[in-house]
Amino acid sequence: MATLEIVNVRKSFGSVEVLKGIDIAAEDGEFLVLVGPSGCGKSTLLNAIAGLQANDSGEIRIDGRDVSGLHPKDRDIAMVFQTYALYPNLSVWENIAFPLEARGVSKADRRAEAERVAELLHLTDYLDRKPRQLSGGQRQRVAMGRALVRDPQIFLFDEPLSNLDAKLRVVMRTEIKKLHRTLGTTMVYVTHDQIEAMTLATKIVVLRGGEVQQVGAPDDVYNLPANMFVAGFMGSPSMNFMEGVLAADAGGATLGITRPDGGSVSLHLPVPDALAARYDGKRVVIGVRPEAMVDAESETRDGTYQQIEWPLEILEPTGADTIAVLQSNLTGGEEEMVARFSARTSARPGTVVPLNVDTRAVVLFDPDSEEAIFHAAASGSAPPVALAVANGSGA
Amino acid sequence: MNDIVLGQRSLTDRLLRVALYGVLIGFMLFYLAPLYVMVVTSVKSLEEILAGGLMNLPKKLDFYGWSEAWNNACVGTECRGMAPFMWNSLIASTAATIIPTAIGALNGYALSLWRFKGSELFFGLLLFGAFIPFQIVLLPMASFLGWIGWSSSLVGLTFTYIVYGLPFTTLYFRNFFVSFPMDLVNAAKIDGIGYFRFFWRVALPSSVPIMIVSIIWQFTNTWNDFLFASTMTKLESATVMVALNNFVEVANGVKRYNVDMAAAIIAGLPTLAVYLVAGRYFLRGLMAGAVKG
Ligand SMILES: Nc1ncnc2c1ncn2[C@@H]1O[C@H](COP(=O)(O)OP(=O)(O)OP(=O)(O)O)[C@@H](O)[C@H]1O
Ligand SMILES: [Mg+2]
């Protein structure tokens, strides 16, 4: 068990800077999830923590000790690779116990350890098979077994579930979460799947182009996104964006929105006076989660919902509810918006339908900087902590 | 209408196939003809050979040629048969197969999976060795062997084979290991598994196909070598290829074709045996090494 601090880590490949000064801190027992689009530097950062690749500058501290100059084997970490990296010619139990072989553990003890770990991962029946005789999920568990047998200070996972089918992914996700609960060891987990990030993490780090966009608890990253990128990346379907013009008035401001079909609607928002004054008459982008945008028939708690009318394009019934696809009014974008309608909605595609918008959950963004300027969920208070952190390290 | 088109196509298809097999069989006969002549000639009596009919089957099997070649063939004035020279060849080729394959495996492993600063340059220089024509190094090598006291000896010849085999075996193993998943090495590094343990327990057992290629390559090349063997050995240390040349040349009077052919077949049997045992893996390994390199 250990803490992990990453301090201003930079890494370039040739002239391309892949990590642009990363700062992250993880407490003892943290489940830290690094999430971001493909190519944003997640694996590079993980390799730097593991010591497989030297970073150009900055420090990586495990339990307060800078390990930057240490060989991977001296960092007391274990890693599960996306490809599983099983030794093809060794049997399952030899794969699991191979790290112990290098430590001079006797064969009988190695076998016993492998059996103990296999029990934990439901691999007991497969101990004498070769990796090629296993299914994807079983291979993945062998890879985890090899990490577990070490009992390291920190576990590193590089997209361990991305080669599994959707159903198995959910199962293994739960297994990993249970494992973390049982062991309580610090884990760093890389994924580009935001659902994995939300369900597993105690702390999420959103990366983009080698920069940290936001660090925070899953709830905070979801409800209080620091900018439009985070808001759009976390959540599925992703957050809806609409453009409008703010007008200060009593008790906040009114956002006037021009619809793609030319009509106009408005929402009253409880923004602080200072903000309303600053953006009075200016363009802003409002972000609304699909689940905060429902049809008129859905049950809505009074007071927080405001009704607007918007043209409906398509309805996609999913059984439990119906996904309504709407056209966004973002300039130049053919972007779509998605609302969650009830399963028995009477709304007809091709018409203008009433929508109830939950204004407690909306976020306002500056259209130029794309930074969040107002989170309704933070009840109109000053910018939340998460935002301040992201701003501090972003520039 | 569709049917007619299909019918025509399948007719031309069939004709093409017949033509293809015809050509292939033709080539096969062309290649096998010399072997056939060798085999039938080696079991004919001298009278029957001189009577003509090169392609005819023997009227009566006669193993005089084989026993004469094995027991009494002469090099110079000595007529001790082929056995001592076969033995020389076997020693030289076996050593020149095992040693460069072992070292080449370690080299290739280091140059692909545990690269160090300058390893690419090192590999480049080593490759250079594979492309120098042997004729160029013949004299320098001979005088070097003389200098260290190994001239005209089997040890010197074997040493030469080992040195000139290394670039090839290294190249094979390097190209094989280059396509080895790097994550395996990374996992080993993190888990504290060292260079030699990984080589011995994981890399080497996975490299059997390319090992077979290396073995066949080294064995057949050194066994069949004439250039080095004829310049670097003397009578007692001659390999079977040098000896074979002498058997054929030394004969005065009537040429005993049956003895010559039998000797040639005997000299070629070991490489044939290696192919039969390992050939199945040969193509597979060659592909793996070449395509993914
Ligand atoms: N060895 C390397 N040499 C040059 N560029 C590299 C190297 N490794 C990674 N990169 C580049 O660095 C960037 C980040 O790569 P990285 O593998 O960290 O992305 P990632 O976030 O893990 O993406 P993914 O989700 O696809 O795995 C990419 O643009 C990649 O092309
Ligand atoms: Mg990656």
Side-chain angles (χ1 to χ4, degrees), chain A residues 43 46-54 67 70-91 94-105 110 130-132 139 142-160 163, chain B residues 101-102 105-106 108-121 172-173 175-215 278 281 284-285 287-289 291-292:
Chain A
S43 297
L46 209 62
N47 287 346
I49 299 173
L52 295 173
Q53 221 163 43
V67 297
L70 288 187
H71 189 275
K73 73 176 194 302
D74 300 322
R75 298 187 179 200
D76 203 5
I77 46 167
M79 184 156 168
V80 177
F81 292 81
Q82 181 173 0
T83 55
Y84 311 145
L86 301 181
Y87 308 115
N89 60 305
L90 301 184
S91 65
E94 285 174 309
N95 260 286
I96 293 177
F98 204 31
L100 301 178
E101 193 177 319
R103 285 168 180 71
V105 179
R110 292 205 305 270
K130 290 282 165 64
R132 66 170 175 280
R139 285 179 208 181
V142 176
M144 297 224 301
R146 195 175 58 194
L148 284 179
V149 83
R150 296 257 320 271
D151 192 21
Q153 297 263 25
I154 296 179
F155 284 103
L156 306 179
F157 295 89
D158 192 354
E159 307 202 23
N163 286 334
Chain B
T101 299
L106 258 178
Y109 168 68
L111 290 173
S112 54
L113 298 182
W114 298 72
R115 296 198 189 168
F116 49 91
K117 217 172 171 189
S119 62
E120 289 296 292
L121 178 72
Y172 292 154
F173 278 96
N175 282 2
F176 180 81
F177 284 128
V178 144
S179 59
F180 211 69
M182 206 56 202
D183 274 356
L184 260 57
V185 181
N186 286 337
K189 280 182 185 164
I190 289 178
D191 289 338
I193 291 147
Y195 176 89
F196 282 108
R197 188 184 298 276
F198 187 79
F199 176 70
W200 193 245
R201 294 276 277 128
V202 181
L204 200 60
S206 315
S207 69
V208 171
I210 205 68
M211 207 182 297
I212 302 276
V213 170
S214 175
I215 287 171
Y281 299 94
R284 231 187 290 163
M287 298 313 256
V291 176
K292 291 182 190 161

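Letters A, B, ... are given to chains in the order of the sequence lines, protein chains preceding strands, and every chain is numbered from 1.
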Segment of [X] engaging chain B (4.5 angstrom heavy-atom cut-off):
X       : result
E94(A)  : side chain
R75(A)  : neither
L156(A) : neither

For this session: Considering only heavy atoms, give the residues of residues 180-193 of chain B separated from chain A by less than 4.5 Å, sorted numerically, with 'none' for an empty result.
Result: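 Interface residues of residues 180-193 of chain B: D183(B), L184(B), N186(B), A187(B), A188(B), K189(B), I190(B), D191(B), G192(B), I193(B).
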
Problem set entry | Heavy-atom side-chain proximity of F98(A) to R201(B) below 4.5 angstrom |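 When only atoms from C-beta onward are counted, R201(B) and F98(A) do touch, with a gap below 4.5 Å.
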
